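First the structure, in the form of structure tokens, and then the observations on it.
Lettering of chains follows the sequences in order, A, B, ..., and the numbering in each one begins at 1. These numbers come from the heavy atoms of this one structure, side chains and all, not from hydrogens, waters or symmetry mates. Since the structure is predicted, the reported quantities are computational estimates derived from the model, not experimental observations.
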Amino acid sequence: MRYWLMKSEPDEASIDHLAQAPQQTLPWTGVRNYQARNFMRDTMKIGDGVLFYHSSCPAPGIAGLAEVASTAYPDPTQFDPQSPYFDPKATQQTPRWQLVDVVFKQKITLIPLATLREHPALAHMQVLAKGNRLSITPVTATEWRFITGQLVSPA
DNA sequence: GCCAACGTTGGC
DNA sequence: GCCAACGTTGGC
């Protein structure tokens with residue numbers, strides 16, 4: 001059982017979109033970074049905890065809780081010429097990009113990025129590291145317990 | 001819109 | 001394999 005922080009631009013896929021999706025589940029499309037892909041492909045397991053983070057928006061921060069809901073499978077958008085995530089170098093036989101499904105657990109009162117930075121217990125969170133741009137980062141069990149125990153309140 | 005930081009590409 | 005140039009991320 002591991003824990004993750006997954007960034008999403010709320011314009012594209014917010015915690016509300018996830019809550020309203022069929023089965024409250026969405027495929028995590030569009031990851032085009034090898035490190036993030038490898039986390040999904042090699043390390044994620046069904047049931048892993050997910051901090052759902054809103055990025056590139058007026059109020060960045062953790063907006064909800066979710067769970068990994070599938071093992072990895074090829075991201076269909078890589079094959080779709082109409083998709084912004086189309087990858088001409090990917091083929092059905094040799095896909096490049098993988099994704100997992102994510103299922104909604106809970107919407108919470110936004111924990112702003114600035115609040116995360118305030119807490120010494122979270123000083124080493126990978127997502128807070130200077131220059132971090134990874135859209136999927138591991139969260140330690142200690143960080144998870146601190147956040148869900150001390151910072152989470154229902155929306 | 002700015003810009004720091006990072007990942008990827010491609011020439012050599 | 002090196003590394004400069006370029007594109008992207010993401011907070012502010």
Side-chain angles (χ1 to χ4, degrees), chain A residues 2-21 26-44 48-68 72-140 142-144 146-148 150-153 155:
Chain A
R2 297 175 192 267
Y3 305 96
W4 306 94
L5 182 142
M6 299 176 80
K7 294 182 191 170
S8 182
E9 301 189 14
D11 285 352
E12 283 210 31
S14 70
I15 189 71
D16 292 324
H17 291 129
L18 185 63
Q20 288 156 20
L26 288 174
W28 206 261
T29 55
V31 169
R32 294 295 180 267
N33 169 283
Y34 290 105
Q35 227 182 317
R37 179 203 66 182
N38 294 348
F39 282 141
M40 291 196 286
R41 188 188 62 188
D42 303 333
T43 319
M44 278 188 178
D48 281 2
V50 172
L51 303 171
F52 193 111
Y53 182 94
H54 286 176
S55 70
S56 294
C57 61
I62 299 170
L65 305 179
E67 239 175 50
V68 175
Y73 61 96
D75 180 343
T77 63
Q78 71 192 304
F79 308 124
D80 176 5
Q82 305 310 313
S83 167
Y85 301 120
F86 177 63
D87 183 344
K89 294 188 180 152
T91 66
Q92 299 277 353
Q93 287 69 35
T94 54
R96 268 196 182 188
W97 305 110
Q98 304 265 123
L99 56 68
V100 298
D101 293 339
V102 170
V103 61
F104 176 82
K105 285 282 146 189
Q106 186 186 354
K107 184 176 179 179
I108 65 172
T109 303
L110 186 84
I111 307 170
L113 176 59
T115 300
L116 297 174
R117 292 196 188 284
E118 279 171 12
H119 293 284
L122 303 178
H124 300 296
M125 269 191 93
Q126 197 170 326
V127 71
L128 303 181
K130 180 177 171 151
N132 169 74
R133 292 189 334 186
L134 256 190
S135 63
I136 300 176
T137 49
V139 173
T140 68
T142 308
E143 290 160 352
W144 177 271
F146 183 82
I147 291 169
T148 56
Q150 312 289 317
L151 303 183
V152 162
S153 60

Residues of residues 86-102 of chain A with a heavy atom under 4.0 Å from any atom of DNA chain B, listed by number, are none

(Q) Taking only side-chain N and O atoms of A/Tyr53, does any of them lie within less than 4.0 angstrom of OP1 or OP2 on C/dG11? (A) yes

Check: Between A/Asp87 and A/Arg96, is there a side-chain N and carboxylate O pair less than 4.0 Å apart?
Finding: yes

Taken to the nearest whole Å, CD1/A/Ile62 to P/C/dG11 is 12 Å

Rounded to whole Å, the CG-C1' distance (A/Leu134 to B/dG7) equals 10 Å

note: A/Asp11, atom CG; C/dT9, atom C1'; distance rounded to Å ~ 15 Å

Here the distance between atom P of C/dG11 and atom NZ of A/Lys7, to the nearest Å, is 6 Å

Looking just at side-chain N and O atoms, do A/Arg2 and A/Thr140 make a donor-acceptor pair shorter than 3.5 Å?
no

Short question: side chain of A/Thr115, backbone of A/Ile111 - any donor-acceptor pair under 3.5 Å? no

Picking from C/dG11, C/dG7, B/dT8, the nucleotide nearest the side-chain atoms of A/Arg133 would be C/dG7

**Prompt:** Thinking salt bridges, do A/Asp75 and A/Arg37 make one under a 4.0 Å N-O criterion?
**Reply:** no

Rounded to whole Å, the CG-C1' distance (A/Asn132 to B/dA5) equals 10 Å

To the nearest angstrom, the CD-P distance between A/Glu9 and C/dT8 comes to 13 Å

Ranking B/dT8, C/dG10, B/dG7 by distance to the side chain of A/Gln35, first place goes to B/dG7

Check: Can you find a side-chain donor-acceptor pair between A/Tyr73 and A/Asp101 that sits under 3.5 Å?
Finding: yes

Side-chain contact check for A/Lys130: nearest option of B/dT8, B/dA5, C/dG10 is B/dA5

Atom CG of A/Asn33 and atom C1' of B/dA5 are separated, to the nearest Å, by 14 Å

**Prompt:** For the residue pair A/Trp4 and A/Tyr53, is the inter-centroid distance of their aromatic rings smaller than 6.0 Å?
**Reply:** no

| said: Given 3.5 Å as the limit, does a donor-acceptor pair link the side chain of A/His17 with the main chain of A/Ser14, or not? | reply: yes

Whole-Å distance, A/Tyr34 OH to C/dT8 C1', equals 15 Å

